[in-house]
Number of protein chains: 2
Amino acid sequence: MSHHTWNYQDALRAQGYRVTPQREVLMDLVCAARHRPTAQELLAAARARGATLDAATVYRNLKFLTERGLLRAVEQGGVARYELAGPRAGHHHLICRGCGREVEVAGEEAEALFEALAARTGFRVTSDHLVLEGLCPSCAEDARS
Amino acid sequence: MSHHTWNYQDALRAQGYRVTPQREVLMDLVCAARHRPTAQELLAAARARGATLDAATVYRNLKFLTERGLLRAVEQGGVARYELAGPRAGHHHLICRGCGREVEVAGEEAEALFEALAARTGFRVTSDHLVLEGLCPSCAEDARS
DNA sequence: GTAATTGCAAATTATTTGCATTCCT
DNA sequence: AGGAATGCAAATAATTTGCAATTAC
C-alpha cells in the first residue's frame, strides 16, 4: 500500500533499514486515524486488520519511526499518542475541555506567538506540536449559564 | 508545620475533609521541592523524612489535592509531576532541550499570546500551565557550530 | 461515634528487554 | 548470506482498586 503522498519506504531502505509489513501497517494506521492513536490502539487495530505483530514490535517501531522523523509522539493524558510527522509543517492543537472538539492551528499562526516570547525571554520555542486546552466558542457560550 | 503562606488545612476541614499527616507531608514536600516531583519521588522523600505512608495513599492524595485545587499536575515525559497550585497566578515553563534549564514565564506574558489566538480562532485557551520546549539563548548559540 | 482515610495486597496498564528465530535486501 | 527485525516470555514501572483496620474531628 503506497497511498502515502510521501514515500517513506525508500527513505528507510536508503539508510539500511528494512521495510517490514509491521512497519507498513503502523504507518498506514497512523495515516488513516482520525485522532492520534496510542501504541495499544495501534496494536489492536493492526490485529483487527489481520496483521500479525507483537506489542513489543509496536513499541519498538513507534520509537524507531519517531527517531527517524516519520512519526511524531505527543504526550496526552499520560500516554503517548502518535501522528504522521512527514515533510509537512508543524502545527498545534486546541482541545476544548467542554466538548472535546479539536481545532488545528497552523504552525505559522503560532510562530508569531513564539516570536513574541523569543523577543522577551531570548528563548526560542521549538515545539512543533503543542496541545493547548481551552474552551471553544460554543462551549464558552454555554459556560455563561 | 504551617509555613505555607496559604492555610489549606482549614479550607479542607471546612469542606468536611480531613487533614492527615500523610496529606501534610505531601503538601510540605511539594512546597519545598525545587523541581516538580513525581508521585514516586514524593513517596521516597516522605519516607526518607520518616513518614509512614503507602504508594496508594500518595496517588490517592495527589489526585485528591489536585481535584481540590491545592496542587496542579503537569505531564512531563510521560509521568505526572506536581506543584503547588495555591492562590497564585498561572505561569508557564520553557524547558531548554539543550541544557535542560527551565525558565518561567508569567501568566500575563502569555496571555497576550492567547489573546491573539482567541482573536483568530475564537478559541479561548485556559491552560494555566504550559510546558514549552525550545532552546535557551546560550544553547542556541552552541547549536551554530 | 462515625465517616473519611489509610495500609496492604493484588490487579491493571504501559512499556521494555533478552534471546532465539525469522526474513528483508 | 547476514545483519536487521520479529515473536515470545518475562521483567519493570506507574498507577489503581477492594477491603478491612485505623483515625481525625
Side-chain angles (χ1 to χ4, degrees), chain A residues 1-2 7-30 36-47 49-68 70-71 73-82, chain B residues 1-2 7-30 36-47 49-68 70-71 73-82:
Chain A
M1 220 177 277
S2 63
N7 183 301
Y8 64 89
Q9 287 100 333
D10 289 344
L12 286 185
R13 275 191 274 257
Q15 306 226 249
Y17 299 113
R18 295 181 185 171
V19 177
T20 64
Q22 297 67 350
R23 281 178 184 170
E24 290 196 291
V25 93
L26 286 177
M27 285 299 282
D28 279 354
L29 287 171
V30 173
R36 291 180 281 277
T38 63
Q40 295 295 327
E41 287 168 356
L42 287 169
L43 174 60
R47 284 180 170 166
R49 186 183 268 215
T52 301
L53 81 180
D54 190 75
T57 302
V58 172
Y59 285 105
R60 271 190 292 234
N61 278 324
L62 289 177
K63 185 178 178 186
F64 171 86
L65 294 168
T66 298
E67 285 169 343
R68 301 273 135 8
L70 299 182
L71 295 184
V74 186
E75 291 288 350
Q76 215 175 301
V79 277
R81 291 184 167 279
Y82 297 83
Chain B
M1 217 176 277
S2 63
N7 183 303
Y8 64 89
Q9 287 100 335
D10 289 344
L12 286 183
R13 275 190 274 254
Q15 305 225 249
Y17 299 113
R18 295 181 187 171
V19 177
T20 64
Q22 292 78 341
R23 282 179 183 168
E24 291 196 290
V25 95
L26 285 177
M27 286 298 283
D28 279 355
L29 287 171
V30 173
R36 288 181 283 277
T38 62
Q40 295 295 329
E41 286 168 356
L42 286 169
L43 174 60
R47 285 180 169 164
R49 185 184 270 218
T52 302
L53 81 180
D54 190 76
T57 302
V58 173
Y59 284 105
R60 272 190 294 233
N61 278 323
L62 288 176
K63 185 179 178 187
F64 170 86
L65 295 168
T66 297
E67 284 168 344
R68 301 274 136 6
L70 298 182
L71 295 185
V74 186
E75 291 290 349
Q76 217 175 300
V79 276
R81 290 183 168 279
Y82 299 83

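Sequence lines set the chain letters: A, B, ... in the order given, protein chains first and strands last, and positions in each chain run from 1. Everything numeric here is computed off the predicted structure, so don't read it as measured data.
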Any side-chain heavy atom of Leu70(A) sitting closer than 4.5 Å to one from Leu12(A)? yes
Under a 3.5 Å threshold, yes or no: a donor from one side chain and an acceptor from the other, between Tyr82(A) and Glu41(A)? no
Nearest-Å distance, OH (Tyr59(A)) to P (dA9(D))? 18 Å
dA4(C) C1' sits how many Å from Gln22(B) CD, rounded? 12 Å
Does the side chain of Arg23(A) pick up a donor-acceptor pair with the side chain of Tyr8(A) at under 3.5 Å? no
Does Arg60(B) or Arg18(B) map to a spot on DNA chain D nearer the 5' end, using the closest nucleotide for each? Arg60(B)
Round to a whole Å and report the spacing from NZ of Lys63(B) to C1' of dA14(D). 15 Å
May I ask you to verify if any side-chain N or O of Thr20(A) is less than 4.0 angstrom from the OP1 or OP2 atom of dA5(D)? no
Leu26(B) CG - dT5(C) C1' separation (whole Å): 13 Å
For Arg13(B) and for Gln40(B), find the nucleotide of DNA chain D with the closest heavy atom, then tell me which residue's nucleotide is more 5'. Gln40(B)
Taking the nucleotide of DNA chain C with the nearest heavy atom to each, does Arg47(B) or Gly16(B) sit closer to the 5' end? Gly16(B)
May I ask you to say what Thr52(A) touches in the nucleic acid, namely base, sugar-phosphate or nothing, with a heavy-atom cut-off under 4.0 Å? sugar-phosphate
In this structure, how many angstroms lie between the C1' atom of dT16(C) and the CD atom of Glu67(A), rounded? 14 Å
CZ of Phe64(A) versus C1' of dG3(D): gap in Å, rounded? 14 Å
Just by distance, do the side chain of Asn7(A) and the backbone of Asp10(A) share a donor-acceptor pair under 3.5 Å? yes
Would Tyr59(B) and Gln40(B) count as a side-chain contact (heavy atoms from CB on, under 4.5 Å) if you check the C-alpha gap in whole Å, the side-chain angles of each, and the deciding distance to 0.1 Å? CA-CA 9 Å; Tyr59(B) 284 105; Gln40(B) 295 295 329; 2.6 Å; yes
Pick base, sugar-phosphate or nothing for Ala55(B), based on heavy-atom distances below 4.0 Å to the nucleic acid. nothing
Integer-rounded Å distance: dA4(C) C1' and Asn61(B) CG: 11 Å
Selection from dG7(C), dC25(D), dT6(D) that lies nearest to any side-chain heavy atom of Asp54(B): dG7(C)
Protein-nucleotide distance (Glu41(A), atom CD; dT15(C), atom P), rounded to Å: 11 Å
